[in-house]
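Every heavy atom of this structure was used, including side-chain atoms; hydrogens, water molecules and symmetry mates were not. What you are looking at is a predicted structure, and each value in this text was computed from that prediction instead of being measured.
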There are 2 protein chains.
Amino acid sequence: MNALTIQEAAQTTDWSPRMLRYIERAGLIEPQRSAAGYRLYGPAELQRLRTLRELVTRFDIGLGEIGFVQRLRGDEELAGAIDAWLQAQPRRPEHVPAAEWLRFEQDKHSKLLALAGAAATTNA
Amino acid sequence: MNALTIQEAAQTTDWSPRMLRYIERAGLIEPQRSAAGYRLYGPAELQRLRTLRELVTRFDIGLGEIGFVQRLRGDEELAGAIDAWLQAQPRRPEHVPAAEWLRFEQDKHSKLLALAGAAATTNA
DNA sequence: AGAACCTTACCACGGCGATGTCAAGGTTCG
DNA sequence: CGAACCTTGACATCGCCGTGGTAAGGTTCT
């Protein structure tokens with residue numbers, strides 16, 4: 001009844017059958033299987049697939065990223081280690097105006113890094 | 001002053017100068033700059049570089065992954081969206097012999113939930 | 001001045017992610 | 001039975017990641 005085969009599911013979620021299998025392989029959405037091994041996508045899976053698409057396109061992230069976060073939720077040690085590492089971040093030298101730093105942090109194509117450093121140490 | 005140039009820093013942290021620049025590009029460790037634009041690695045950065053190496057090799061993750069987690073910490077919306085998505089987890093087979101679909105051995109690292117104690121927000 | 005080091009920019013190569021397509025073989029259903 | 005669909009597996013392309021190297025041009029220090 002409301003369990004679609006891979007092709008049907010693909011059509012209603014705007015993914016390709018290929019990608020549905022890929023997504024499953026990535027451990028993100030694993031549909032049930034029929035006795036013969038056919039993937040069966042229920043309403044929940046379909047909804048999840050659509051949301052996944054939204055997530056990926058809206059934030060421009062890859063399936064790998066999501067899978068990684070998933071991994072983090074199961075590996076307390078990993079999560080802790082990374083978190084600890086990121087924690088030791090605020091290594092901003094006191095004599096440097098934070099404003100300058102924050103400024104170029106959002107500028108991916110900054111080509112004036114040297115300038116910022118110079119301006120910070122002297123009024124050059 | 002205890003601030004090393006990129007080459008010196010590379011030697012004491014077992015990275016290559018090339019990678020130090022790459023790491024900076026990835027937004028993970030941004031050393032100060034001298035007035036002329038030279039990168040200056042202080043004790044803190046050196047330590048962080050060593051820890052980073054440890055982190056990466058020990059958990060076999062990429063700089064991108066760490067960078068992503070870093071991004072998550074600054075983008076509440078993204079973090080929330082992914083978390084919400086992961087929360088709406090798996091529908092365990094209700095009356096389907098798991099053996100059936102289990103026989104197609106998936107990957108070796110399929111680690112589905114274990115927690116997910118929260119009720120799905122999606123229509124159940 | 002000159003050697004040694006730094007900077008950015010660009011080319012290169014192998015690997016992996018994201019996708020497509022095709023092949024060989026099983027399943028469904030009219 | 002046969003068409004249509006499914007499954008896994010393998011090959012192929014494209015772009016990004018991790019790295020290295022090199023070129024052209026400043027900086028430092030002796």
Participant: Atom CD1 in Ile82(B), atom CZ in Phe59(A): separation rounded to 0.5 Å?
Facilitator: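 Going from CD1 on Ile82(B) over to CZ on Phe59(A), the span is 7.5 Å.
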Participant: Rounded to the Å, how far apart are Glu24(B) CD and dT7(C) C1'?
Facilitator: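 Rounding to the nearest Å, CD of Glu24(B) and C1' of dT7(C) are 11 Å apart.
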Participant: Yes or no on salt bridge (Lys or Arg N to Asp or Glu O under 4.0 Å) for Glu45(A) and Arg39(A), after CA distance, side-chain angles and deciding distance?
Facilitator: CA-CA 11 Å; Glu45(A) 283 71 43; Arg39(A) 292 178 179 72; over 6 Å; no
Participant: How many Å lie between CG on Asp60(A) and P on dC16(D), as a whole number?
Facilitator: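 Checked: the CG to P distance equals 11 Å.
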Participant: Nearest whole Å is fine: how far is dG17(C) C1' from Arg25(A) CZ?
Facilitator: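 Value for this atom pair: 12 Å.
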Participant: For Leu28(B) and dG18(D), what is the distance between atoms CG and C1' respectively, to the nearest whole Å?
Facilitator: 13 Å
Participant: Rounding to a whole Å, what distance do you find between Tyr38(A):OH and dG25(C):C1'?
Facilitator: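 Computing the Tyr38(A):OH to dG25(C):C1' distance gives 11 Å.
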Participant: Let me know the distance between CG of Leu40(B) and C1' of dC5(C), rounded to the nearest Å.
Facilitator: 13 Å
Participant: Nearest-nucleotide wise, let me know which of Thr5(A) and Glu65(B) is further upstream toward the 5' end of DNA chain D.
Facilitator: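 It is Thr5(A) whose nearest nucleotide is closer to the 5' end.
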Participant: Nearest heavy-atom pair of Leu28(A) and Trp85(B): which atoms, and what distance?
Facilitator: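 The answer is O-CH2, 3.6 Å.
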Participant: From CG of Leu63(A) over to C1' of dG15(D), roughly how many Å is that when rounded to an integer?
Facilitator: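 After rounding, the reported distance stands at 15 Å.
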Participant: Does CZ belonging to Arg25(B) count more than 12 external heavy atoms closer than 6.0 Å?
Facilitator: no
Participant: If you measure only the distance, is there a donor-acceptor pair under 3.5 Å linking the side chains of Thr51(A) and Glu54(A)?
Facilitator: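 There is no such pair between these side chains.
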Participant: Go through residues 11-22 of chain B and report each residue with a non-hydrogen atom lying under 4.0 Å from DNA chain D, sorted by number.
Facilitator: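 Residues of residues 11-22 of chain B that come under 4.0 Å of DNA chain D are, in numerical order, Ser16(B), Arg18(B), Met19(B), Tyr22(B).
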Participant: Would you kindly give the CG-to-P distance between Leu55(A) and dA18(C), to the nearest whole Å?
Facilitator: 13 Å
Participant: Below 4.0 angstrom from OP1 or OP2 of dT7(D), is there any side-chain N or O of Arg39(A)?
Facilitator: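 Result: yes.
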Participant: Heavy-atom distance under 4.5 Å between the side chains of Met19(B) and Leu63(B), does that happen here?
Facilitator: yes
